[in-house]
Amino acid sequence: MTSLSRPARRALQRLSSKQRNISSIALAKERIPLDVSPEVEDALETGKPVVALESTIITHGMPYPTNIETTYSLENIIRKKGAVPATIGLLNGRVKIGLDKENLERLGAPRTENKVYKVSRRDIAPVIALGKDGGTTISGTMILAALAGIRVFATGGLGGVHRGGEITWDVSADLTELGRTPVAVVAAGAKSILDIGRTLEYLETQGVTVATYGEHDDFPAFFTPSSGFKSPWRVSNPTDAAKIIHMSDQLGLGGGQFFGVPIPESHYAAGAAIQAAVDRAVRESEENGMSVRGKEVTPWLLNRVAELTRGESLKSNVALIENTALVGAQIAVELAKMSQPKSQPSTQIHPVIPSASTYKATPVAPVKETSTLPAPKLVVIGASAIDITAKASQRAVESTSPGVVDVTLGGVARNMAEAAHRCSETASTLLISPTGNDAFATLLKQQSEAEMGMRVDGFFVPQTTETLRRTPVCNLVLGEDGGLISGVADFNVVDQVTGEDLISRLNMMADSTELIAVDANFPPATIKTVVEHCVRRGHPVWFEPTSTSKCTRIFPALESVMNSDSFVSPTSPIAYASPNTIELAKMYEYAKENELVSSQKAWERLSSFGLAANYRTALEQLTARTVSIVNGRTVPLDFISREGIAQMAVQLLPYFQHLVVKCGDRGVLVAMVVPSSSDHVTAWKTDLSRFQITNTTERGETLVLKYFPPLKIDKKEVVSTTGAGDSLVGSLMAAVVKDGEAFRSPSRLDDLMRSAQGAAVMSLKSSTAVSALLSSAA
């Protein structure tokens, strides 16, 4: 079977939001130290409108505490208009997209040491490389916003050509960035301390669309609504502005757009007095030599203007940027509507593709009759897919191109089932997954059986009104440089699956099934029906959240089970769940917003944990440690509490008895409750593992938080990150089926986690989602 090249895998990750909802952020994290807030990442993955905000306003533009207060105000304005704010900055050499309160305070508070740098394009690499703190300018913010896929950015005033710039060549990097980075900037024109005429000429040279947003075509000048110059274009509503941005993207023009929003009318009167102060400050800068000191000029001038106007300029500054944030949010909302894919009925005839035997000269064994297969011990329910990547060797217009086409198998549930199958007994794992009745379904079944030895009696075609049902496919077309040209992800058949479709297949299974795993690709109602069935039958459930946009689909099922008369605490409805840190945060946020963590049963359960001062002290001691990995790399464990991972996991334990939190290259954290009836309660109390804490609950149970450091792997050995997490989870499922006490024993948990992390490492080194080496390692 052919495998995806590295560019193909990366393009697949960008496009296949229907399968894994992995945005371009996942690709950026492979290359740079990047942290994205859960709110922003979820918005980007689900197509919600996002508005970027810069951080030099915090670090260099406004005094403390006005800088922090203004940022909170901007974020609230954006949220009220239906968009998500993403304030961007750098801390300790890490890019932060979506600054939390702690980070905002750190950047904005007065400092006597540890300089905060003003970060433009030229400064990004050194600030990251040297681990410094920085506030991003318009230029720096545009670059990092584009990296994350954010298309709209609201700010105060644009940099430009400084007065005398024709002699000093003092031209802001904001202008060149607008010519090459596809981010629309919404601001109150250019700062009035600049040569606005030459600034507009420079933007024209860079090919930047400039438009005034309002009833007149006067180009605004920050504190005043008119600079004396006209804009080439004018728009009067957010829809027209969004149309311009959208059409630029459709044409592939590259570069950004600039929308000049005049200061609110209530501040017009102060504009004349402020402009007089601006002119005086400019003269003083020329006299004292400040005018030739590069990026120090603008902060000095703004501070001097604030002094001369006795703070009036600061009030106007706040008002104008609040206004641009409002307009930016409105534009982002309209742009998000235009960017939603339009569903159209398919009239194409599906081509017949070669069978699996064509791809590899291996005789295809006939599928065994279901009656000859043993009852499965593990059942995995969820999505399977065919991944097709076509890379052109040369570009052709309105014609086919020569190139290479790669075909692989994918899908979260399918990956987990393959990993579990390779780590366990033959035919003990059953994958229940919907397919179409097309040629791709034949390929999926033949590859699964002939090449992987998996059983295929769990594949089924959902009953719909369509005669031809399509197997889930993700199809990418790449250019000769590996860049994504276009693609289509079709997972419609998964959305058509009902709970009855799955229950009818589960009813055919014997009661010897020891674990049922469900991924989050199905609709919430379908998941709810399956979970209710499993709870009634006494089958433990493992929930795989799949993505931040789908991870909360489990909660209707949890509410139903928890509120039923048959549910008795301290039982948790779901035996196991395996979120990553972002999915965990999203699940906790949902539970909190919907008052699930404060429901009577959940609250009683949490109270019974009896988490007193000794537990908090133990957590502080755990998170104060540092783990050494390889090549001098260390992992400070403070992220466990700093990012709220331990706290959120414990809050969700009333719903999930075991939480396996995947922390990427920082390791794994397990949070769980060991029943008082377990033979291993004493073992946990006497186990002195360095990376765990335990707490005896009021009911005699043992609450456990146990951290597992990542295994050593050289980054040069990593071929693909796709499927590594699925391999880890599949390996753990196989271990649980083999040994039902595996999680309850300290020593056994150590062994199975080491094996599961080894499975993930093998898949990191493999070109396929799940490494074939898992079979030999089992």
Side-chain angles (χ1 to χ4, degrees), residues 54 56-67 69-70 110 118 120 135 137-138 155-175 187-203 212 216 218-231 260-324:
E54 65 165 278
T56 47
I57 288 176
I58 305 169
T59 59
H60 295 80
M62 294 182 180
Y64 181 84
T66 304
N67 55 352
E69 294 168 352
T70 300
K118 189 176 181 182
S120 185
T137 64
I138 288 180
T155 186
L158 182 68
V161 179
H162 281 260
R163 299 186 187 187
E166 73 276 14
I167 299 172
T168 64
W169 288 81
D170 191 353
V171 179
S172 171
D174 298 348
L175 305 187
K191 297 182 179 74
S192 54
I193 58 178
L194 303 170
D195 185 331
I196 293 179
R198 285 191 170 89
T199 296
L200 289 171
E201 290 287 346
Y202 200 100
L203 286 170
T212 294
H216 305 284
D218 294 323
F219 185 79
F222 203 59
F223 293 123
T224 59
S226 176
S227 63
F229 295 89
K230 301 293 185 182
S231 291
V261 183
I263 191 171
E265 190 172 350
S266 59
H267 290 266
Y268 281 8
I274 295 173
Q275 188 57 49
V278 169
D279 294 338
R280 176 177 171 181
V282 170
R283 288 195 302 273
E284 291 178 359
S285 73
E286 294 170 347
E287 293 168 359
N288 63 22
M290 177 58 70
S291 62
V292 296
R293 295 179 64 175
K295 62 182 180 181
E296 297 179 28
V297 178
T298 300
W300 185 89
L301 287 171
L302 293 176
N303 287 335
R304 181 58 179 145
V305 170
E307 292 174 359
L308 294 173
T309 61
R310 297 181 180 180
E312 286 302 314
S313 66
L314 182 58
K315 294 178 183 178
S316 293
N317 197 348
V318 172
L320 67 86
I321 192 172
E322 287 180 339
N323 192 40
T324 62

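Throughout, numbering of the chain's residues begins at 1 and tracks the sequence. Treat the numbers as computed from the prediction; the structure is a model and nothing was measured.
Residue I196 comes nearest to A221 through the heavy atom pair CD1-CB, 3.5 Å, listed as atom of the first residue, atom of the second, then distance. In this structure, L175 and V171 approach most closely via the heavy-atom pair CD1-CG1, 3.9 Å. The nearest pair of heavy atoms linking F222 to N317 is CZ-OD1, 3.5 Å. What you find for I321 and T70 is that their closest heavy atoms are CG2-CG2, 4.1 Å. Closest non-hydrogen pair, G159 versus L194, comes out as C-CD1, 3.6 Å. Closest of all the heavy-atom pairs between P220 and G260 is CG-C, 3.7 Å.
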Checking side chain to side chain contact (heavy atoms under 4.5 Å, CB included) for the pair I274/S316: CA distance, chi angles, key distance, verdict?
CA-CA 9 Å; I274 295 173; S316 293; 3.5 Å; yes
Could you walk me through whether T59 and K118 satisfy the side chain to side chain contact (heavy atoms under 4.5 Å, CB included) test, starting with their C-alpha distance in whole Å, then the side-chain angles of each, then the deciding distance to 0.1 Å, before giving a yes or no?
CA-CA 8 Å; T59 59; K118 189 176 181 182; over 6 Å; no
Any chance you could lay out the side chain to side chain contact (heavy atoms under 4.5 Å, CB included) test for I263 and T224, step after step, and finish with the verdict?
CA-CA 6 Å; I263 191 171; T224 59; 6.0 Å; no
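With rounding to the nearest 0.5 angstrom, the CE atom of M62 is 6.0 Å from the CG atom of L314. Going from atom CD of E54 over to atom NE2 of H60 covers 11.0 Å, rounded to the nearest 0.5 Å. Atom OG1 of T199 is separated from atom CZ of F229 by 9.0 Å, given to the nearest 0.5 angstrom. Taken from CG in L200 to CG in L158, the straight-line distance is 9.0 Å, to the nearest 0.5 Å.
No donor-acceptor distance shorter than 3.5 angstrom exists from the side chain of D218 to the backbone of S226, with no hydrogens or angles considered. Under the 3.5 Å distance criterion, the side-chain polar atoms of N323 are matched with a main-chain donor or acceptor of P262. A donor-acceptor distance shorter than 3.5 angstrom exists from the side chain of N288 to the backbone of E284, with no hydrogens or angles considered. At least one donor-acceptor pair closer than 3.5 Å links the side chain of S227 to the backbone N or O of F219.
In K315, the NZ atom is not crowded: 12 or fewer heavy atoms of neighbouring residues, nucleotides or ligands sit closer than 6.0 Å.
Among T56, I138, D174, T137, the single residue meeting the side-chain contact (heavy atoms from CB on, under 4.5 Å) criterion with T155 is I138.
Look at E287 and R283 and you find no salt bridge, because none of the NZ, NE, NH1 or NH2 atoms lies under 4.0 Å from a carboxylate O. At a threshold of 4.0 Å, the pair R304-E307 counts as salt-bridged, since one of the basic side-chain nitrogens sits closer than that to a carboxylate oxygen.
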